[in-house]
Number of protein chains: 2
Amino acid sequence: MVKNNDYDKVVEIFKALSEPMRIKILDVVSCRELCACEILECLSISQSTLSHHMKVLISCDLVIGRKEATWMYYSINKETIANIHNILDIITSKKSNCVCNVQRKNCKK
Amino acid sequence: MVKNNDYDKVVEIFKALSEPMRIKILDVVSCRELCACEILECLSISQSTLSHHMKVLISCDLVIGRKEATWMYYSINKETIANIHNILDIITSKKSNCVCNVQRKNCKK
DNA sequence: CATAAATATTGACAGTCATCAATATAATAA
DNA sequence: TTATTATATTGATGACTGTCAATATTTATG
């Protein structure tokens, strides 16, 4: 069974990934480090919407942001991707001390 | 670059995973096949809410549902979990033919 | 200082969704 | 048939969120 604070972190990441435009952004940013205006040219959204999405992706550590002069450069955070793989493995594997082993009270089965 | 219909499928899965209660359900169901009333005892939600979440998890193939008499048995679908790992690898890896390589028009950088 | 370029923030709005109580359906047992 | 158990559906509600235009901020340049 996963700890509650681990749930919070992974849910935040999955929430970030559950938006088509953000998946697209992650896909593009995985190629190489790009500035916001370059990403914007690949997509059909307004500048403010892109800025909002980048904030979400950064806040859950999926993307790393780096400021240089007036530009913001974005790149994928491989460490967080590895964490997703790991936590997904933990969540979807068998547990010996699972809460499902508690005594069933209301279930007449 | 990932195809658009692949995006749709993976976004649907991530949307299912972006809800704390559904992650918890997936965690519990990964232990062994359980009926709805057993899952219900592990959680603090109403029966109708659980039914709704199971429908979401089944519709994106994260969970397999099996009816036996009046009971519904749920188990994790390992195949979909493997697909998540694969598509995540594709999304977060370098691409030679990325859309980010197109000529930049408006960016003055 | 004034202008321009890149990005961030704000406020509004429409759409989505998690939740529940109430009810319906399905299957079994008396 | 009637009652009971397990699960699904419906309808309502409050909360959240993606989107945009407008505006603000930051940085460099003339």
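Proteins come first, then strands; the chains are lettered A, B, ... in the order of their sequence lines, and each starts at number 1.
No donor-acceptor pair closer than 3.5 Å links the side chain of Glu41(A) to the backbone N or O of Glu38(A). Arg22(A) places no side-chain N or O within 3.5 Å of a backbone atom of Leu17(A) that could act as its donor or acceptor partner. Side chain of Lys95(A) to backbone of Asp27(B): a donor-acceptor contact under 3.5 angstrom is found. In this structure, Ser51(A) contributes its side chain and Ser48(A) its backbone to no donor-acceptor pair below 3.5 Å. Within the 3.5 Å criterion, the main-chain N or O of Ala16(A) finds no donor-acceptor partner in the side chain of Glu19(A). In this structure a side-chain-to-backbone donor-acceptor pair under 3.5 Å is present from Asn77(A) to Asp61(A). Remark: the backbone N or O of Ile91(B) is paired with a side-chain donor or acceptor of Ser30(A) at under 3.5 angstrom. Between the side chain of Ser93(A) and the backbone N or O of Asp89(A), at least one donor-acceptor pair lies under 3.5 Å.
For Trp71(B) and dA8(D), the CH2 to P distance is 14 Å, given to the nearest whole Å. Computed from coordinates, the Tyr74(A) OH to dA6(C) P distance equals 14 Å when rounded to whole Å. Atom pair Phe14(A):CZ and dT17(D):C1' shows a separation of 20 Å (rounding to whole Å applied). Separating the NZ atom of Lys67(A) from the C1' atom of dA5(C) is a distance of 12 Å, rounded to the nearest angstrom. Rounded to a whole Å, the CG atom of Leu34(A) is 15 Å from the C1' atom of dA6(C). Taking atom OH on Tyr73(B) and atom C1' on dA6(D), their separation rounds to 11 Å, with Å as the unit. Put simply, CG on Leu40(B) is 15 Å from P on dT5(D), counting in whole angstrom units. Rounding to whole angstrom units, CE of residue Met54(A) and P of dT9(C) are separated by 13 Å.
When the side chains of ILVMFWY residues are joined at heavy-atom separations under 4.5 Å, either directly or via intervening members, Val29(B) and Met21(B) end up in a single hydrophobic cluster. No continuous path of hydrophobic side-chain contacts links Val56(B) to Ile84(B) [ILVMFWY only; heavy atoms under 4.5 Å]. Both Val11(B) and Leu88(A) belong to a common hydrophobic cluster when Ile, Leu, Val, Met, Phe, Trp and Tyr are linked at side-chain heavy-atom distances under 4.5 angstrom. The cluster map of Ile, Leu, Val, Met, Phe, Trp and Tyr, joined by side-chain heavy atoms under 4.5 Å apart, puts Ile87(B) and Ile81(A) in the same cluster.
Counting only heavy atoms from C-beta on, Lys55(B) has its side chain closest to dT9(D) among dT26(D), dT9(D), dT9(C).
Near-neighbour residues of DNA chain C inside residues 57-65 of chain A, defined by a heavy atom below 4.0 Å, are absent.
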Protein-nucleotides 14-23 of chain C N/O pairs closer than 3.5 Å?
residue: dA18(C); atom: OP1; partner: Arg22(B); partner atom: NH2; Å: 2.8
residue: dA18(C); atom: OP2; partner: His52(B); partner atom: NE2; Å: 3.1
residue: dT19(C); atom: OP2; partner: His53(B); partner atom: NE2; Å: 2.3
residue: dC20(C); atom: OP2; partner: Ser46(B); partner atom: N; Å: 3.0
residue: dC20(C); atom: OP2; partner: Ser46(B); partner atom: OG; Å: 3.1
residue: dC20(C); atom: OP2; partner: Thr49(B); partner atom: OG1; Å: 2.7
residue: dA21(C); atom: N6; partner: Ser48(B); partner atom: OG; Å: 2.9

List, with names and distances, any nitrogen or oxygen atoms from the protein found under 3.5 Å away from nitrogen or oxygen atoms belonging to nucleotides 28-30 of chain D.
none

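For residues 66-83 of chain A, the salt bridge (Lys or Arg N to Asp or Glu O under 4.0 Å) pairs, not counting sequence neighbours, are Glu33(A)-Arg66(A), Arg66(A)-Glu68(A). Legend: salt bridge (Lys or Arg N to Asp or Glu O under 4.0 Å) pairs involving residues 49-58 of chain A, not counting sequence neighbours: none detected.
Summary of helix geometry: the two end axes of the helix from dC1(C)-dG30(D) to dA30(C)-dT1(D), each defined by five base pairs via their C1' atoms, are inclined to each other by 10° (rounded to 10°).
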